[in-house]
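See below for the structure under consideration.
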Amino acid sequence: MELISALQFLKLHDIPEAWVDAVWDVEFTERKPLDDTIEEELTAGGDKAFRNLYQCLLVHAGDQQQSTNKDGASQSIWAVLGESGVSVKSLVAVLSFFVLAGKAKAASVQQRVSALHAASLYLLLLGIPGSIANKVFHEVLFETCLNMTSHCWPQDSGKKRKKDGLKSSQTEGKRSKPQRKDPAEMEVDEADEEDEEEELHFSGQDLKKIRDAVILLVQSVLRLLQTFPLKDRTQSASNITQIFSKLLYFEPVIGELTFTAVGDIDKLRSVPEMAFYGLQLLCTPKHGDQKESLRRVFHRLLYIILMMNKGNRGKPTLLIPSQSILATRDQAIHFVCHLVNELKELALPFLQILLQHICFQMVEKSEFRSHGAQAVGMLISQMTSTDYARFVKWLYNFSRHTKMVHRLFSVDVVMVLLEQPERSPEECQDLELASFLPHKFLIQSILFAQRTDESPTVQGHALACLAQCLELPSLNVTRAVHNLFSATGTQTELEGEITYGSLSSHQTQKTYRTLPFRTVEISSTDGPGCEVKENLALLLRRVKDSKTNVRKAALQALVGLLKHSVIPMSWENLSTLSERCRDPAVSVKKKALQCVGELLAAKPDSSVVQKAWLYGIVPAVVDSETSVQDKALEALDQVLLCQVKLYSASRHLDASQRLTWDLLGLLCHECQNLSQYFSRAFTIWAKQKKFTPTFINHLISHTETDHSAGAWLLLSKVVASSPRLAYDKILDAWDHMVGSKDMSVTTCCHILCVMGDIAVHLNEDTKERIVNDLMSWLKTFTLSLEVISAAVETLYLLGRTEDIKETQAFMDQHCGELVTVCEAYLASIILSKTGTQNLNEELMVKHLHTLGVVSLHCPAKIGKRTVLLVESVLTTHSDKVAECQEELPASLPLSQFKANSMPTRVRAHGVITLAKLCLQHEELVQKYLPVFARELEVGTEVAVRNNVVVIMCDLCVRYTNIVDHYIPNISACLRDNEAVIREQTLIMLTNLLQEEFVKWKGSLFFRFVVALVDPVPAIASLCEYCLLHRLLKKNPEMFSQHFIECIFHFNSYTQHKSYNKFAQSEREKVRFSLKGAQHREKRFRIYRFLLENFTDAQRFNITNKINQTVLACFADEELPLDAEGAEVLSETFNILSLKEMKLRAICAPAGGAAGEEPEEENMATMAKAVLQAAQKKVVSQVQKKAFIENTVPLIISLKNLLEQKRSPVLKDLMAYLQVTMQDYRNEVKEFFSGDEQLAAEVEFALKEAEKEREMEEQMDNCSLTGDAKPDGAQGSVQNSPVKSRPLLPFTFATPQPPRPNPQFRRPSHTDRRGCISKQDDQVQSKSISLEGTVIPKGAVNYRAISTPKGVSVNLTFDEGVSAIFSDRGTSLIGETSVLHVRSNEQQAPGLRQWNVQSPLRQKRKSKI
């Protein structure tokens, strides 16, 4: 017979029975050696013999199956073997010999191929009816044969792929071990493994042989599953499921998989295709309960969808999402959809479980979250509307989970669901669930609710997704976002369009349906207009959040709302956008620049948007970050320069060109203050040689249009860097300007600038003509002040030559002529008795301004008469001017600018003109500086005093030594009654300090920091900016050097031998004093600001210095403990108790913010954490030593002294000790060994404080149990569509997140700045965490869902989501994929909470 002859190569008759018995005795766990001769004969058969035997067995098995189906008369294989004397026991033993040989890691290619063939034969035998009766089946050998695919396929290539492709997302795994394909499969020593790998090399031909054998084995497994039931062998079914799931990665699949029924296994093309078919076979009733089979299959597919590698034990590890991994994931998702379509109601509950576990086991990495959300969207499309609504309800609770990554992923899932068509509530049979179907619920109750999340990451992601919602094509999605920010409640619906929504009033929900072609007024008692304002206000606050990613996301959301006209295009909203272009974070600045660009592209015709774009982009040209500069320059280039085309009257400007000229027009008028930044851009472009002759000619063609102002603006910037121009057109424009009376001031200045820049290219005749025009123009005194300055500057450029003397002679001639004209006019006014009666104020100001401007160019033409005339504008000395026509006294006895009949505006300009005269004459500076200083003290005119501040600071630049004496007079203006003068003084002093024209001497620092508590918030904010971003960088020790003296200065304490000894007038002392209880808050605001910007080294040193210079002086009684001394000592103890005094290295938290979880912990972050811990320990020891050696003796001495004097400062000392000893509560006796009584008092104070904290926590718990709703307050959540139902009384553990009441949720960082720490503790005490439990052995009986069999369960999150258990008897400690969570309602019963109020709580309430 063919079968018997095919068996000959196995030499079954030559195999010793003793060897066979030995193999069976060890239960195929080890390979027993055979005689060398027999082993050589066995291995000589080769692959051909194995395949021949396989085919014979396959034919016989088929014939036997057909005969069994017909009449059962065919002779079985087992009878044939028995008649031929072939021992089945020996056959199995010999096959195991090959199998175990190929299992070794050092097996050769031939051994691996033979092992696979032998395993295929064994599995084929098992599938033949009668195999069990003939004792072919052995569990160990069966499992070994099933696993041969992983044993025989070369592990080196596969493992290298895994090493590259696996990264652990967990933080607790053993990092010393390399990543392995499966821990159960590789249990050899790592060194031996590497040696074996080095010896094994497989060619392409070898791999092909092994692959063919693997395919044969997989086909055998499939044939086995078709005939051999696994109903009673759940462990084997689980192992086969795991093997098939691994084979899905075996090789790429060409084309698409259909998962349709397969008639012939041989037609399957690839190993993954066979694996999917095998998984499908496992779900048939033949192999046991279909629910259990589906659970196993879905469990394994879960990790493929999550792109994780999950072994028999340990935590799942992430795979690198390569193209092959993603393809396998997509195939798994389609396979799940196929199973759901095939099995319908049977598979839907497990689809819910799969979706929930995808959500629960998701990691923080954005790429994985994105793919995971897409998977959820594809799977949920297979659900009915009722199941869909049930999942959304679960997702709503999941979005409030305590883990940040869960809340983050819920936002991703919502975005995917919003992309799907909205489901109609009519399709849902459950009316309560129907209100979860509209997209409005997803947006308002899940997505937008995350705007107040405690995690900045979730906040930012939610806001970014909110902006994306407006880009979706769904009308209902857009409307839902509009409702969040639009106060109108009127909706007009088209005929036939049906809109569903929910109204919330006093925690009740109603479903409404708008009528066709009618307007429906929607009213609510909750005040939607107020909520809308709060939503917008919150978004604007998020734009200024402390976290970078939140600000970026809020910017994107704000732009989306503005682009789609959801919120008004007001300057308040747009200015917020522009301000972020100057954000401290570079990434936020770039995002803001991008946002204003997007908004301009969407709303190019809006003037307010254009203005916001200019205020955002143009100042960024001078940003300190080069990349931001480049981005701003690129935007300006594209919008402004590139759109300048040749003008033609017959062709209309397109939209982009109109935008360009509109923007340039704004720069000429409303946004002139951006001129300096704009000029900087052209300086950079000039170096890059951007301005070609063609560009210049295009610009010139626009100089005669209605938008000529913008053209002249650009020409004034570029003409200096252009060698050749069409001068005739420019000269024509000049002639037109001289003869015109209605040209704007800005355009005149730009034309004058252009004329000055091209002067060097003009011939002498042209220059002379232009000079004559300029002089006649200036002598009319009809020009504005800006044009006068520009005209004089152009006059200088026209007369400039290489010879300086010639240039000066030219200026003396023409400017001297103007000086004479101005002097004559002033004399006619001042020397005439009736000159001031009919004074033309505007003309007077223009003469003074012209005189000041030209005096800078011709100082030799300024005589004493001119100076005295200008002085007379401010004082009453006209009689002396009349008496002394030429020879005037060197100085006049002026104490101040005495009041005269001149208007304030004239006097203000007169001061500036006088200062310009002083700039060229040092003797005038020495004469008038005392007058200026006196005017600052007693002057009453704001404009005059404001100009005097500017004048004195300008003079300080040129005459530093002379003006330095008057710096106290200038700094005294920081407490001026007028806010404009305080702001001006602050800016001018900052400039001088930056350039080091002024030093921090005397009381200057203390006067400067007083501006931190200025009653005008804008000035206080400006002071903070100047100190931190301008002055502290130049002098990092500035704050610490002056800190101690601040204590004495602000308390006006002068008895210390070293501090607060600088000279001040009584008026200045009173003006800058912050003494007294009424100013305590201001003083401590300054202290905190200074301390917050200390380094740890400075904090440590300042603490020691306070001990030496303050506490020691009081302890040694160098400073008296009188009323003033007690105030200073008390304030010192309060300062030492501030949290800002603590070293950041010690008090900084070990991890990130609450609710934040690291995306991945790698070796670098671990090393950093270890370094921080070591640093903290060392710093703590140093601080402890310094405290014991330096502070403790002083504290003991001061305590004794204060007790003797019965001083009230003693309570401040004890409060300081209580705060300080919190970190050393177990070492109090060691610290105060020299004073046992003090040690006992400190211990008692610490214990009392601890008791008080515990009592407050108990009160909070009582309040929580007494006031919180038992349902987790789902119904109280805004926009929640239905009331929650009580949980069914299931006793199994479910992966269920807590559902805290939103009113108890911890506010975000920005929302709780004003909250005290006690409130934070209350919130934390009310938060609910996952309750972990360990499953007793045998409690769940290998079932995925730990629900009673035969019980129909509503598988939603708040009614008991199932947990997928992966291993038998595995506890939570060893298996983190098992989630055991109890909700509030499922808490283990404990002692009953009594709703009582403690006396302390009642006492506190009575005080309130």
Side-chain angles (χ1 to χ4, degrees), residues 668-670 672-673 709 737-753 773-795 814-815 817-857 862 865-878 881 897-917 935 939-948 950-951 980:
C668 292
H669 301 100
E670 296 181 39
Q672 291 186 47
N673 53 341
M737 183 188 75
V738 172
S740 175
K741 296 181 180 180
D742 57 351
M743 189 168 288
S744 69
V745 171
T746 307
T747 305
C748 287
C749 292
H750 292 152
I751 294 176
L752 285 167
C753 180
D773 291 340
L774 272 177
M775 290 299 296
S776 59
W777 211 24
L778 285 169
K779 288 177 183 178
T780 62
F781 293 96
T782 57
L783 308 178
S784 66
L785 303 185
E786 296 86 352
V787 176
I788 291 172
S789 300
V792 173
E793 181 64 24
T794 304
L795 185 66
H814 295 88
C815 290
E817 186 178 342
L818 290 172
V819 168
T820 304
V821 174
C822 293
E823 184 179 317
Y825 176 80
L826 292 177
S828 67
I829 298 297
I830 295 171
L831 299 180
S832 173
K833 293 181 179 181
T834 60
T836 58
Q837 294 178 0
N838 298 316
L839 177 67
N840 186 334
E841 181 179 324
E842 189 67 29
L843 194 58
M844 184 74 171
V845 167
K846 289 179 179 178
H847 277 84
L848 284 171
H849 183 75
T850 304
L851 177 60
V853 171
V854 299
S855 67
L856 297 175
H857 293 281
I862 303 300
R865 175 183 172 84
T866 307
V867 175
L868 200 54
L869 282 169
V870 176
E871 180 188 309
S872 299
V873 173
L874 308 171
T875 60
T876 54
H877 290 295
S878 57
V881 178
F897 297 147
K898 297 179 180 178
N900 57 24
S901 58
M902 290 292 180
T904 300
R905 182 164 176 251
V906 174
R907 288 164 55 80
H909 280 277
V911 170
I912 294 177
T913 303
L914 185 60
K916 290 177 179 176
L917 299 178
E935 179 66 15
T940 57
E941 296 167 312
V942 176
V944 175
R945 286 192 292 119
N946 183 71
N947 288 351
V948 169
V950 177
I951 289 166
V980 65

* Please round to the nearest 0.5 Å and tell me the distance separating atom OH of Tyr825 and atom CG of Asn840. => 5.5 Å
* **Heavy-atom donor-acceptor pair, Asn947 side chain to Ala908 backbone, under 3.5 Å** => yes
* Asked: Going through the distances and angles, do Lys846 and Ile788 end up as a side chain to side chain contact (heavy atoms under 4.5 Å, CB included)?
  -> CA-CA 8 Å; Lys846 289 179 179 178; Ile788 291 172; 4.3 Å; yes
* I would like to know whether Ile829 and Met902 meet side chain to side chain contact (heavy atoms under 4.5 Å, CB included); could you show each step before the answer? => CA-CA 10 Å; Ile829 298 297; Met902 290 292 180; 4.0 Å; yes
* **Between OG1 on residue Thr913 and CG on residue Leu874, distance to nearest 0.5 Å** => 9.0 Å
* Please lay out, stage by stage, how Glu823 and Leu851 fare under the test side chain to side chain contact (heavy atoms under 4.5 Å, CB included). => CA-CA 8 Å; Glu823 184 179 317; Leu851 177 60; 5.9 Å; no
* Stepwise side chain to side chain contact (heavy atoms under 4.5 Å, CB included) test for Met844 and Leu826 -> CA-CA 8 Å; Met844 184 74 171; Leu826 292 177; 3.4 Å; yes
* Rounded to the nearest 0.5 Å, how far does CZ of Phe781 lie from CG of Leu843? -> 7.5 Å
* Does the side chain of Leu783 come within less than 4.5 Å of Val745's, by heavy atoms? -> no
* To do: For Ser776 and Asp773, work out which heavy atoms get closest and say how close.
  => OG-O, 2.9 Å
* For residues Val854 and His814, determine if any side-chain heavy atom of one lies less than 4.5 Å from a side-chain heavy atom of the other. => no
* Should the pair His909 and His849 be assigned to parallel (<30°), tilted (30 to 60°) or perpendicular (>60°) ring geometry? -> perpendicular
* Structure fact -> dist Leu778:CG -> Thr780:OG1 (nearest 0.5 Å) comes out at 7.5 Å
* Asked: In Å, rounded to the nearest 0.5 Å, how long is the span from CD1 of Ile862 to CG of Leu856?
  -> 9.0 Å
* Asked: Between Val853 and Ser789, which heavy-atom pair has the shortest distance, and what is it?
  -> CG2-OG, 3.9 Å
* Gly939 to Arg945 - nearest heavy-atom pair and separation -> O-NE, 3.1 Å
* Please tell me if the side chains of Thr794 and Cys753 come closer than 4.5 Å, counting only heavy atoms from C-beta onward. => no
* Asked: Where is the tightest heavy-atom contact between His857 and Val792, given as atom of each residue plus distance?
  -> CD2-CG1, 3.6 Å
* To do: Please name the pair of heavy atoms, one in Ala791 and one in Leu752, separated by the smallest distance, quoted to 0.1 Å.
  => N-CD1, 3.7 Å
* Grab the two heavy atoms, one from Ala709 and one from Thr747, that are nearest each other, plus how far apart they are. => CB-OG1, 3.5 Å
* Could you give the distance from CD (Glu935) to CD1 (Ile951), rounded to the nearest 0.5 Å? -> 10.0 Å
